[in-house]
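These numbers come from the heavy atoms of this one structure, side chains and all, not from hydrogens, waters or symmetry mates. Proteins come first, then strands; the chains are lettered A, B, ... in the order of their sequence lines, and each starts at number 1.
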Amino acid sequence: MSKFKIALAATTVAAALVFTVGAQAWEPTKPIKIVVGFAPGGGADLVARNLVASSQEFFPVPLVVVNKAGASGALAADFVKNEKADGLTLLVAGGSESTAVPNFQKVTYSLDDFRGVMRLIRQRVFLISKAGSGINSIADLKAKALANPGKLSYGSSGQGSIYHAVMLVTTRALGIEMQHVPYKGGAPMMAALLGGHIDITMGAPEETSAQLDSGQAIPIALPSETRYAAYKDAPTLMELGYNVYIENQKGLFAPAGTPDEVVQYLHDNFKKGMDSATWKAMAGKLSMETAYLNGDDFMAGVKSMSKAIGEAAAGLAK
Amino acid sequence: MDMFLAAVATVFEPANIAILLASTAAGIVIGAIPGLTVTMAIALAVPLTITMPLTPSLLMLLGLYGAGIYGGSISAVLINTPGTPASAATSIDGYELAKQGKALKALKMALIASFYGGLFSVVLLVVIAPQLAAFALKFGPAEICSLLIFALTIVAVLSGDTIIKGLLAAAIGMLIATIGADPMLSVPRFTFGVYDLYDGLAYIPLLIGLFAIAEMLAQAEESFTTGAKLIDIKDIDKDANRLTRDDWRRSVVPMIRSGFLGSFVGMLPGLGAAIATFLGYAEAKRASKEPERFGKGAIEGVAASESANNAVTGSAMIPMLALAIPGDPPTAILLGALLIQGVTTGPLIFVNHPDVVYTVYVALFASLAFMGMVGWLALKPIVQVLKVPKVLLYPVILAMCAAGSYAIRNSIFDVFVMVGAGLLGYALRLFGVPVAPLLIAFILCPPLEESMRQALIKSQGSLMIFLNRPISAFFLLLALAAIVFTVRRQIKSHQALPSNI
């Protein structure tokens, strides 16, 4: 090997080293804001606070949760989209504001304005009926709805919410018609179900376990690809032959154009937080279903869910 | 019984008592500061409880809750700015009393009424929670809608002398309540593409603007135009501030009635303390033999409104405990906090975790007792606020108002809403238009629209749903009776004073 070649090789190695060092050298110098589009104490907020509590030790700067509640999370999404793509402002995303709202309303952002950093958790959606209502399964629901076309009703947390989207897709798949009654959140919806004012409601298992465990309400199915451990008697809609897959996810988005090495840094350090005992303990207490995905897979999943909801919403418009 | 004693023993451990003391004091302060709400305080406290055992975390949250609702009355009385929406009706007579130098008296009554209302609703909770919760479930959209229509008739009671001005204010309130995404189809109304308006005007900035900012503007105007010094109260007259036998005679019945009304409204999901307090106040005035006293410093007005809003604190826990369905936003957060502790409420809690049920009961009673004690000790120091010259006091309050408005959603937009509402409130004052009807219409309209449209979806457009259902028909009849009553009273007063047309 000639001296020249050695020199060249050395330079290449050095350059590669410099390059990699340079790539990993990005470190935040200012506090990182994690923007939550919902009020303190809500599901998205608790995910963010859990992440901060478990990841703070891996970051040289403070991690700050900022609540910008409003417009089903669209307010916060719009805010983060317009921030600098420097990795210092992140959005807790993957729920209604990402998959459902843009299909029902004109919004100032689209999923292309963001890039995924990682998925943190998933939250299943159950179709729930009242015990004693005669609807104990999807087959019962279909039969009853066909016998009383347009008479049965379901509650949702608002036009364009994920719950609304689930029922739009499901009723279309089942070939039935139901009335849609929007409510302000899960609690009034559950009260309406138990009072017999609506026939079907939807809910996350961790929020409805009181009613499900006491037998007042029955989980009849869920639009996921696998069953949920705590209520494994409830079949997935896919098993029943209906291709419906919608659930709530929570992960982190950064503004589009955030450099790769910045996203990598954030991903790696938050992942350390997710693997920590703190995260696991708190997730256990809060019944969060930890479901890590990398940023690209997370974004792809969100996009395909958004597409399915968009198709159902387009059917509604006709 | 053993479990009860065990619960008492845990609650009264020194460390737990210290937490209760601290959270009660914090609750009163937070409640008293305009813009910092009970809901926000509880929400921010929840992460702290994750690492705590059950009893101290319950004590912390319940202490904040009850004391915060009471704390709102302090600023309502002293500076005409309800610290929380729940105290909006308290300021009507409470501030009049303060202007007459009887602030301490008003605050005493507010504390006693708060204590009574809280106690009454907690007793209800302990005695018949499951039955009441089952009754509350009967309230579907049609029933809620008719109840709210009845509640709207209190606009007439809050209107003061001229009903037409009250109706004008209510119409403005209704109009601005329609700003934002509509409750059923999420179609944006009057938002002009501004995201900050999608959820409508935020309630706290509007409240602060209408009361606090308008009050400051009015006081500033007075001192500029008349050259009069801002009213400073140097000494607190002891005799005038004693609760007399007459005060008690006037207040006891309204207080008890409000205890019922507040408990009733509290256990229905989604209504909340602000509606309860206005209902309690208006019913007291409606039933009074001397309604003309109201709005001019009637102690029974303070008693009625404060008893009603604290009665919500206990009764909102009825559906939470018995059905795992919270009655208002603070109890929704409490429910979440209990979940974190591994406690699932609902019918099974009485079977699976009777110890937790007893702990909740004891914690509620203990937090009430502490609210009473801390509140009583704080009365005299708090009233000293009135000795601070307003030139110094108001800028401080203004800063707190702006900060509070901002903190709701971390949004400067809400600060502008506050300023705008202040100008509106000031303009209304100039024309002698009362602000309370505006506020109550603003509070009542969104749930009214929502429940009416939900009911009409169910009935496929038929209005008969409101008459076919007995509870709903009952409230509509009440509303009709209230209107007839108001009209008759108006006619009578016109006959009495024929020149006053």
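For B/K458, the parts lying near chain A are the backbone and the side chain together; criterion is any non-hydrogen pair under 4.5 Å. With a threshold of 4.5 angstrom between heavy atoms, A/Y183 approaches chain B through its backbone and through its side chain. Interface remark: A/V101 contributes no atoms to any contact with chain B (heavy atom separation under 4.5 Å). With a 4.5 angstrom heavy-atom cutoff, A/S156 does not touch chain B via any of its atoms. Contacts of B/D182 with chain A are absent, with no heavy-atom separation under 4.5 Å from either backbone or side chain. Residue contact with chain B, scored on non-hydrogen atoms closer than 4.5 Å, involves the side chain of A/S153 exclusively.
Atoms NZ and CG, on B/K138 and A/L194 in that order, are 13.5 Å from each other to the nearest 0.5 Å. One distance of note links CG of B/N410 with CZ of A/F79; it measures 9.0 Å at 0.5 Å rounding. Here OG of B/S459 is found 9.0 Å from CD of A/Q179. Values are rounded to the nearest 0.5 Å. Between the CZ atom in A/R49 and the CG atom in B/L44 there is a gap of 6.5 Å [rounded to 0.5 Å]. Between the CG atom in A/D213 and the CD1 atom in B/I349 there is a gap of 12.5 Å [rounded to 0.5 Å].
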Exercise. Given A/Q216 and B/L323, is the side chain to side chain contact (heavy atoms under 4.5 Å, CB included) satisfied, shown in steps?
Worked result: CA-CA 9 Å; A/Q216 292 174 291; B/L323 301 167; 3.6 Å; yes

For this session: Could you walk me through whether A/H197 and B/Q454 pass the side chain to side chain contact (heavy atoms under 4.5 Å, CB included) test, one step at a time?
Result: CA-CA 10 Å; A/H197 307 291; B/Q454 283 168 344; over 6 Å; no

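Partners of A/A44 by side-chain contact (heavy atoms from CB on, under 4.5 Å), not counting sequence neighbours, listed by chain and number: A/V36, A/F38, A/V92, A/K250. Residues passing the side-chain contact (heavy atoms from CB on, under 4.5 Å) test with A/A191, sequence neighbours excluded: B/L137, B/P269, B/I325.
Counted within 6.0 Å of CD on A/Q56, heavy atoms from surrounding residues, nucleotides or ligands total more than 12; the atom is thus considered enclosed.
Using a 4.5 Å heavy-atom cutoff, the side chains of A/V181 and B/P141 are not in contact.
Chain A forms more heavy-atom pairs under 4.5 Å with one residue of B/I42, B/N352, B/L348 than with any other, namely B/L348.
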